[in-house]
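In what follows, every heavy atom counts, from backbone to side chain, and hydrogens, waters and symmetry copies are set aside. Please read these numbers as outputs of a predicted model, since none were measured by experiment.
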Amino acid sequence: MRVSNGSKGTSRNGGNIFHHNRLFLVANPRTNRKQAPPPIEIAPIEIRNAVYEELIRRSPALEYYSQLIDGPNGLLSRGLGEQEIQKYGALPRTHKERASLARTLNKFVTVRFPEYVARNSHDGVVGVPGFWQDETGNVQLWNPRDYNMSLLVIPYRDDQGRIQACQLRLHRNDLRTGEKKYRWLACPFPFRGASSGAPIHFTFKPVDLPPGKTVIITEGTLKADVLVSLRPKARVIATSGVGCSHAEIIEAVRDYNALIAFDADYKTNPAVARQLARLIASREQDIAARNLRTSTRIVTWQTYKGIDDAVLAHVPLETISILQWTLTFEGRPLQDVREVWEEIGYTPSTAS
């Protein structure tokens with residue numbers, strides 16, 4: 001969806017649409033008569049939060065210190081302190097160990113939420129993204145694959161501090177060709193678990209932050225947490241990617257001045273520039289439609305891709321206007337930015 005060349009247009013979330021007209025399905029009389037099972041409904045936030053908190057308590061990242069905490073790619077090297085590291089969990093590397101953890105957490109749900117379990121035809125923990133039941137009825141966690149290293153569990157917290165979903169970070173030794181390092185802890189297909197969606201992450205509770213204050217928007221929960229660890233006064237909201245959850249981000253920061261601090265690869269990646277331009281324009285149009293006095297500015301830095309790495313390296317940060325931001329890059333990325341703004345009828349003001 002990030003590739004614009006040859007697309008038929010863009011979707012509402014800014015992704016590029018392609019029509020694959022050569023794909024077809026061969027009907028099978030026997031499979032056509034078999035009705036697909038209903039989708040698994042996601043568990044209420046209270047249950048998801050309780051299960052994920054218990055998962056982190058029983059399987060903390062600290063148990064895998066050499067793999068997840070120490071070393072050049074560990075959480076300590078990212079800039080997190082010992083206190084912050086306790087907020088992260090881990091999935092064991094083997095399928096057998098994860099299945100054992102799944103059974104333990106299923107018992108936890110049965111004891112803690114008996115009324116919820118009684119209302120469902122499946123085991124109670126299956127409504128929590130990441131859990132599913134195999135053909136024999138056994139509860140499983142994540143997928144049946146055995147890994148070389150344990151997997152980091154990164155919680156995504158809502159505006160009340162509850163864990164609504166989690167992402168996994170795979171070790172580089174476990175990445176296959178074309179695989180992404182970060183994945184949602186969810187198994188909607190083919191294992192028929194509940195989908196996690198793509199929620200945004202809060203490092204603070206908006207109820208404690210008065211309107212008119214400043215909030216930083218970035219991509220990736222780990223990056224947001226690191227930034228707060230390095231700059232404790234920062235209030236950060238993170239999305240899972242530059243093209244994700246724009247409507248949710250705009251609603252979350254509506255009462256605040258926004259500093260947009262996504263990765264610096266927009267300067268070379270037209271798809272990233274396009275998505276970032278769409279978010280900026282949508283935010284500004286929301287301000288205009290509601291006659292708000294909040295502002296939107298862009299955070300820039302040199303050398304490093306992410307703001308967390310820049311802050312860790314003590315690289316100066318600069319906040320600039322939207323118009324000034326368009327002067328920081330050129331070529332195809334800038335062309336795509338202008339095309340997006342023209343498509344949605346946005347022109348940055350001289351005051352932006």
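- For the residue pair Q285 and Y346, no side-chain donor N or O sits within less than 3.5 Å of a side-chain acceptor on the partner.
- With hydrogens and angles disregarded, no donor-acceptor distance shorter than 3.5 Å links the side chain of D308 to the backbone of L227.
- Residue pairs that meet the salt bridge (charged side-chain N to carboxylate O under 4.0 Å, His left out) test with at least one member in residues 286-295, sequence neighbours left out, are R254-D286, D286-R290.
- For E284 and T296, the side-chain atoms include at least one donor-acceptor pair closer than 3.5 Å.
- Transitive grouping of hydrophobic side chains (ILVMFWY, heavy atoms separated by less than 4.5 Å) keeps I45 and V109 in distinct clusters.
- Put simply, the side chain of T328 never gets that close to the backbone of Q324: no donor and acceptor are under 3.5 Å apart.
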Evaluate S195 against W184 for side-chain contact (heavy atoms from CB on, under 4.5 Å), listing each step before the verdict. CA-CA 9 Å; S195 172; W184 286 110; over 6 Å; no

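- In terms of heavy atoms, A261 sits closest to T218 at O-OG1, 2.9 Å.
- Applying the salt bridge (charged side-chain N to carboxylate O under 4.0 Å, His left out) test to pairs two or more places apart or on separate chains, those with a residue in residues 137-156 are R145-E179.
- R183 places no side-chain N or O within 3.5 Å of a backbone atom of L168 that could act as its donor or acceptor partner.
- Checked by atom type, the side-chain pair N173/N148 shows no donor-acceptor distance below 3.5 Å.
- Looking only at atom types and distance, the side chain of Q86 has no donor-acceptor partner in the side chain of E82 under 3.5 Å away.
- Scanning for side chain to side chain donor-acceptor pair (under 3.5 Å) contacts around K223 gives D263, with sequence neighbours left out.
- If you check the side chains of Y88 and D225, you find a donor sitting under 3.5 Å from an acceptor.
- The cluster map of Ile, Leu, Val, Met, Phe, Trp and Tyr, joined by side-chain heavy atoms under 4.5 Å apart, puts L175 and L68 in different clusters.
- Annotation: side chain to side chain donor-acceptor pair (under 3.5 Å) contacts of R176 (sequence neighbours excluded): none.
- Under the 3.5 Å distance criterion, the side-chain polar atoms of T94 are matched with a main-chain donor or acceptor of E97.
- Taking all atoms of both residues into account, the shortest heavy-atom contact from L152 to G89 is CD1-O, 3.6 Å.
- Salt bridge annotation for R157-E53: present, with a cationic side-chain nitrogen under 4.0 angstrom from a carboxylate oxygen.
- Taking W132 as the reference, nothing meets the side chain to side chain donor-acceptor pair (under 3.5 Å) condition, with sequence neighbours excluded.
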Would you please test I85 and L62 for side-chain contact (heavy atoms from CB on, under 4.5 Å) and show each step? CA-CA 7 Å; I85 287 171; L62 283 167; 3.8 Å; yes

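- At distances below 3.5 Å, not a single donor-acceptor pair connects side-chain atoms of H314 with backbone N or O atoms of A310.
- In summary, of the residues considered (R98, Q67, H171), a side chain to side chain donor-acceptor pair (under 3.5 Å) with S150 occurs for Q67 alone.
- Between the side chains of H95 and Q140, at least one donor N or O sits under 3.5 Å from an acceptor N or O.
- For the pair D309 (side chain) and K305 (backbone), a donor-acceptor distance under 3.5 Å is absent.
- Between P348 and W341, the closest side-chain pair of non-hydrogen atoms falls below 4.5 Å.
- Two residues are said to be in side-chain contact when any heavy atoms from C-beta on lie closer than 4.5 Å; S59 and Y64 meet this criterion.
- Put simply, the side chain of N269 gets close to the backbone of A271: a donor and an acceptor are under 3.5 Å apart.
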Could you check E330 against K267 for salt bridge (Lys or Arg N to Asp or Glu O under 4.0 Å), going step by step and ending with a plain yes or no? CA-CA 7 Å; E330 57 187 10; K267 297 178 181 179; over 6 Å; no

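- Pairs engaging residues 262-307 under the ring-ring contact (aromatic ring centres under 6.0 Å, His included) rule: Y266-W325, Y266-F329 [sequence neighbours left out].
- A distance-only check finds no donor-acceptor pair linking the side chain of T294 to the backbone of N257 [under 3.5 Å].
- Within a 6.0 Å sphere centred on CZ of R231, other residues, nucleotides and ligands contribute 12 heavy atoms or fewer.
- Not one N or O on the side chain of D336 forms a donor-acceptor pair closer than 3.5 Å with the backbone of R274.
- Follow the hydrophobic side-chain contacts under 4.5 Å out from L105 and you reach V117 in the same cluster.
- Heavy-atom neighbours of E251 CD from other residues, nucleotides or ligands within 6.0 Å: at or below the threshold of 12.
- Cluster annotation: L276 is not connected to V299 through the hydrophobic network of ILVMFWY side chains, with a link wherever side-chain heavy atoms come within less than 4.5 Å.
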Please walk me through it: do Y147 and L170 pass side-chain contact (heavy atoms from CB on, under 4.5 Å)? CA-CA 9 Å; Y147 293 87; L170 275 64; 3.9 Å; yes

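- Side-chain atoms of V128 and I47, non-hydrogen and from C-beta on, do get closer than 4.5 Å to each other.
- D158 places a side-chain N or O within 3.5 Å of a backbone atom of G161 that can act as its donor or acceptor partner.
- Contact check for L222 versus R78: side-chain heavy atoms found under the 4.5 Å cut-off.
- The environment of Q302 atom CD is sparse: at most 12 non-hydrogen atoms of other residues, nucleotides or ligands sit within 6.0 angstrom.
- Two different hydrophobic clusters hold I154 and Y52 under the rule that ILVMFWY side chains link at heavy-atom gaps under 4.5 Å.
- A salt bridge between E54 and R58 is present, with a side-chain N of the basic residue lying under 4.0 Å from a carboxylate O of the acidic one.
- With contacts defined as side-chain heavy-atom distances shorter than 4.5 Å, the pair L209/Y256 qualifies.
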Report the C-alpha separation of Q164 and H201 in whole Å, then their side-chain angles, then the decisive distance to 0.1 Å, and conclude whether the side-chain contact (heavy atoms from CB on, under 4.5 Å) test is met. CA-CA 9 Å; Q164 52 190 327; H201 171 68; 5.8 Å; no

